[in-house]
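Everything below concerns the one structure shown next.
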Amino acid sequence: MARLSGTCMCRAVTWSYFGETTRNLVCHCTDCQKATSAPFAAFIGMMHDKFELAGPVTHYESSAETFRGFCARCGTRLYFRSEKWPDEIHVYAHTLRNPEDYHPTAQVMTKSKALWLCELDAIPVF
């Protein structure tokens with residue numbers, strides 16, 4: 001059983017979870033790219049009934065019956081919920097209190113993967 005917790009950037013929103021995770025994915029779809037302003041989204045699937053959330057959250061319906069939650073104060077993207085997976089909530093891994101607790105097990109929607117991601121190891125590191 002996983003015991004996970006996290007916050008938004010300003011810490012106005014906190015979340016906690018105790019249970020098995022359903023998925024640990026890196027998603028390269030264009031919706032995730034746009035929603036996170038990043039080349040991919042890393043998220044953890046959790047059972048909604050074991051997820052606790054506190055703080056000012058606002059939702060955006062990004063597509064039919066898919067809602068993205070974010071902190072109403074600082075704008076941190078926290079999770080998305082979709083009727084495609086009615087019992088789950090998909091929490092963005094970057095909100096974890098302990099980021100080292102995240103271990104992706106798969107990548108999805110790789111046809112949309114930013115091509116330059118494969119070149120990162122070849123460019124200078126500072």
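The figures that follow rest on heavy atoms only: side chains count, while hydrogens, waters and symmetry mates do not. A quick note: this is a predicted structure, and the numbers were derived from the prediction, not measured.
Looking at Asp87 and His48, their side chains never come closer than 4.5 Å, going by heavy atoms from C-beta outward. When side chains are defined from C-beta on, Leu53 counts as touching Tyr79, because their heavy atoms get closer than 4.5 Å. Annotation: side chain of Val91 is in contact with side chain of Phe51 (closest heavy-atom distance under 4.5 Å). Proximity of Ser37 to Arg77: side-chain heavy atoms (C-beta onward) are separated by under 4.5 Å at one or more points. Between Thr95 and Val13, the closest side-chain pair of non-hydrogen atoms is not below 4.5 Å. Using a 4.5 Å heavy-atom threshold, the side chains of Thr76 and Cys10 count as separate. The side-chain heavy atoms of Arg68 and Tyr92, taken from C-beta on, include a pair separated by under 4.5 Å. Taking the side chain as every heavy atom from C-beta outward, Thr21 and Leu4 approach each other to under 4.5 Å.
Between the CZ atom of Arg81 and the NE2 atom of His59 there is a distance of 8.0 Å, given to the nearest 0.5 Å. Taken from CD1 in Ile44 to CD1 in Ile89, the straight-line distance is 11.5 Å, to the nearest 0.5 Å. With rounding to the nearest 0.5 Å, the separation of NZ in Lys50 from CD in Glu20 is 8.5 Å.
A 6.0 Å sphere centred on CG of Leu120 holds more than 12 heavy atoms belonging to other residues, nucleotides or ligands. Within 6.0 Å of the CG atom in Asp121, the count of heavy atoms belonging to other residues, nucleotides or ligands does not exceed 12. Surrounding OH of Tyr60 are at most 12 heavy atoms belonging to other residues, nucleotides or ligands under 6.0 Å away.
The same ILVMFWY cluster, assembled from side-chain heavy atoms under 4.5 Å apart, contains both Tyr17 and Leu96. No continuous path of ILVMFWY side-chain contacts below 4.5 Å connects Leu115 to Val108, so the two sit in separate hydrophobic clusters.
Nearest heavy-atom pair across Gly69 and Val57 is CA-CG1, 4.1 Å. For the residue pair Thr58 and Ala72, the shortest heavy atom distance occurs at OG1-CB, 3.2 Å. Across every non-hydrogen atom of Cys8 and Leu78, the tightest pair is CB-CD2, 4.0 Å.
Residues satisfying the ring-ring contact (aromatic ring centres under 6.0 Å, His included) criterion with His90, sequence neighbours excluded, are Phe43, Phe80, Trp85. Residues passing the side chain to side chain donor-acceptor pair (under 3.5 Å) test with Glu52: none are found, sequence neighbours excluded.
Note on residues 100-126: no pairs pass ring-ring contact (aromatic ring centres under 6.0 Å, His included), not counting sequence neighbours.
Proximity of a side-chain donor or acceptor of Glu119 to a complementary backbone N or O of Ile123 within less than 3.5 Å is not detected.
His28 and Gln33 share no side-chain donor-acceptor pair at under 3.5 Å. A side-chain donor-acceptor contact under 3.5 Å links Arg97 and Ser5. Side-chain contact, Ser82 with Thr66: a donor N or O sits under 3.5 Å from an acceptor N or O.
Using a 4.0 Å cut-off between charged side-chain N and carboxylate O, Arg23 and Glu88 make a salt bridge.
When each of Lys111, Lys113, Met109 is checked for a side chain to side chain contact (heavy atoms under 4.5 Å, CB included) with Cys29, only Met109 meets the rule.
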